[in-house]
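Remember, predicted model here, so these are calculated numbers, not experimental data. Each chain gets a letter, A, B and so on, in the order its sequence line appears, and its residues count up from 1.
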Protein chains: 2
Amino acid sequence: MPPARRTTGATIGDVASRAGVSRATVSRVMNGLATVDPQIAARVRSAADELDYRPSAAARSLALGRTHTVGYLVPDLTNPAFHGAMRGLSLAAADEGYRVLVADSAERAADEAPLAIETRRRCDALVLCAPRMPQQELVELLPQLQPVILLNRNAEEAGLPLLNVDWASGMRDLLRHLTGLGHRRIAYLAGPPASASNTDRLSGLRNLPAGVELLELECGAMFTDGHEAAGRVLDAEVSAVMAFNDVVAVGLLGALHEFGTDVPGEISVTGFDDIPYARFTAPPLTTAAVPQEEMGRLAWQRLRAILAGGHPHDRVLIRPRLVTRASTARARSTPSGTTRSRS
Amino acid sequence: MPPARRTTGATIGDVASRAGVSRATVSRVMNGLATVDPQIAARVRSAADELDYRPSAAARSLALGRTHTVGYLVPDLTNPAFHGAMRGLSLAAADEGYRVLVADSAERAADEAPLAIETRRRCDALVLCAPRMPQQELVELLPQLQPVILLNRNAEEAGLPLLNVDWASGMRDLLRHLTGLGHRRIAYLAGPPASASNTDRLSGLRNLPAGVELLELECGAMFTDGHEAAGRVLDAEVSAVMAFNDVVAVGLLGALHEFGTDVPGEISVTGFDDIPYARFTAPPLTTAAVPQEEMGRLAWQRLRAILAGGHPHDRVLIRPRLVTRASTARARSTPSGTTRSRS
DNA sequence: TTGTAAGCGTTATCAC
DNA sequence: GTGATAACGCTTACAA
């Protein structure tokens, strides 16, 4: 004899007997199949209401082979750059009865692959943001993960849909903006070395205009990284800094403020992403805007197309939009060689 | 004949036949039940490896009556105040094989209840943050949602565990800090009128010290609300403003900066929550720190205790910690009646 | 239009 | 220690 653990509420069988029909009929009614006599349908519905019946998600998943769940794996759930996409994904998916299962690899590159597999097992599809995973590993992993859409990095080799940002173009726009303002000696606060998008950003900074110098400074992707980089930025005697992203830029702005350095008077600062805070920093941050929430929606569109039987191998490259705010200004006439304030 | 849709990979049956054992034995091996002959266990394991077998989460859920999933319902997935708790919850739950299913009620109070029910159906437990739901409705809803833990608001009537912030105490600390600095005319930028925690915050602002005036200004919970409130704040001729939360405070700081108002020279500003950005605003924000990530972990602890058969009806009240930063300073000698800068 | 029954992939009880 | 086998709650092809 099997175990008799009926912890949950009414089952389809309960509704069936109460309405005096078969379970199949109840199922048809619950799923809105039109082939049911209205009289009976009504009886079933009221029986279901009276019993407060709700179909078991687990049982449906097993029978249908669908969990109605999308996975969303990111390296850090607290990073605001991922929130917009999460919301866009969640809202778009919810419109079609899908929910989002989140997973956080806690910036541990080694955990990304097993976590991705495990998460995918519980879902019908996966949105994968794994910036640190070695390219080789990623390309081998992706096929097992299907349906999957890769976020914020490239892996054309896998022939799978992906949603990437044209990091290089964004950096070029920012650079052009700065050189247009007369900046000639510019620092780039680099992201994590293993980060794919950091490499892409750098590729946008090749072929500098004549007379422009770029200094690459090690940094990272988080607030504290930007904050800690401020000293080195000042030492570098540059008139402008391009931060890896807005989060880093915000950390940097905070530290520069503490040093009493005037932004943009003494140094111009740019970010990347246009997180919601960027509008409200002091000064407001010039940045390359990435439509995060829309990317979440787009990711869902691709996945649902695959789930519906399609094969979109398309690789979408989102071009960021330059947003100029008050953190950048014309370079002072003597951009280098001057002694800067530093308490 | 039933449908033959074997979209997924190897099943327990495949492993069983390959290893020449019964499915029961495979199940025992996969679940680490020690009652299996080591020889056989090894054979099963290698068969599973060769077939790249992974147990079906849906089938396990159905058989076990457990989904190994916790729901997390919040009014706005983009609000940073919820990210810390989400991460704490996600990390703590992951340690025990649980995942987090997120849901966003998109600030629509009317959606909170049905969404909560629907989300809970897919999970073993629920972390519910529903600040706008009418108290009556909430108290009636909670029992159906068990195991559930209520976040950021009170509903003792339901006799269920909850994790709340002592909003009143946080506000008192901030107020005391401001009056200690000589502020006598202070504005409070109120949160959404339906928000439970707004009411709680206000209750901490009763019994003002003699000579202290408090002006309540309508506002909201988001960046733009704080930004838009700046004009009214300046018109109110106060020497200090307490914002509903850090997000509002950041919006306000941005607008004040645009107006050329000196913070804290002309006006002191406080927030609430201590979101990661608060350290890096210009000036850095004085606030009442809420340990979000820890609250996420605590929520998980309660839920797992219930899932394990316990009955923690405890109501945890987290006392925020006053964090003084540069956005607050001594009031100027003539705090009111002076004309303020306003472009 | 409705009912019957097989099957989704596990787990767990009970005999052996 | 291992294997049948019933159950978990639902969907669906097919028969009636």
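- With distances taken from any side-chain atom of A:Thr11 to the nucleotides D:dC10, C:dT11, D:dT12, the minimum falls on D:dC10.
- Summary of the strand contacts: A:Thr35 and B:Ala24 both lie near DNA chain C, and taking for each the nucleotide with the nearest heavy atom, the more 5' one is attributed to A:Thr35.
- In this pair, A:His83 and B:His83 present their aromatic rings parallel. The plane angle is below 30°, not in the 30 to 60° band.
- For C:dG9, neither phosphate oxygen OP1 nor OP2 lies less than 4.0 angstrom from any side-chain nitrogen or oxygen of B:Arg60.
- Expressed to the nearest 0.5 Å, how far CZ of B:Arg315 lies from CG of B:Leu162 amounts to 6.5 Å.
- A:Arg23 places its CZ atom 17 Å from the P atom of C:dT2, with the value rounded to the nearest Å.
- Residue A:Ser22 has its side chain nearest to C:dT4 when only D:dA6, D:dC10, C:dT4 are considered.
- Comparing D:dT12, D:dC10, C:dG9 against the side chain of B:Ala59 picks out C:dG9 as the nearest.
- Note on A:Val21: only backbone sugar-phosphate atoms sit closer than 4.0 angstrom, heavy atoms only; bases stay farther off.
- D:dG9 atom P lies 14 Å from atom CG of A:Leu51, rounded to whole Å.
- Rounded to an integer number of Å, the gap from A:Leu64 CG to D:dC8 P is 19 Å.
- When the nucleotides C:dC8, C:dT1, C:dT11 are ranked by their closest atom to the side chain of A:Ala63, C:dC8 comes out on top.
- Summarising the geometry, the separation between CG on A:Asp14 and C1' on D:dC8 is reported as 13 Å, rounded to the nearest angstrom.
- For the pair B:Arg66 CZ and C:dT10 P, the interatomic distance rounds to 19 Å; values are reported in whole Å.
- With distances taken from any side-chain atom of B:Leu62 to the nucleotides D:dC8, D:dT11, C:dT11, the minimum falls on D:dC8.
- As rounded to whole Å, 11 Å separates atom P of C:dT11 from atom CZ of B:Arg28.
- Judged purely by atom type and a 3.5 angstrom limit, B:Ser27 has no side-chain atom pairing as donor or acceptor with the backbone of B:Arg23.
- Here the straight-line distance linking atom CD of B:Gln292 with atom CD1 of B:Ile318 works out to 9.5 Å at 0.5 Å rounding.
- B:Arg54 comes within 4.0 angstrom of the backbone, heavy atoms only, and of no base.
- No side-chain N or O of B:Arg122 forms a donor-acceptor pair with one of B:Thr69 less than 3.5 Å apart.
- One finds no side-chain N or O of B:Ser56 lying less than 4.0 angstrom from the OP1 or OP2 phosphate oxygen of C:dT10.
- Between B:Met30 atom CE and C:dA12 atom C1' there is a gap of 17 Å when expressed in whole angstrom units.
- At whole-Å resolution of the value, CG in B:Asn31 and P in C:dT10 are 11 Å apart.
- Under 4.0 angstrom from either OP1 or OP2 of C:dG3 there lies at least one side-chain N or O belonging to A:Thr25.
- Dashed line: the shortest gap from a side-chain N or O of B:Ser27 to OP1 or OP2 of C:dT10 is not under 4.0 Å.
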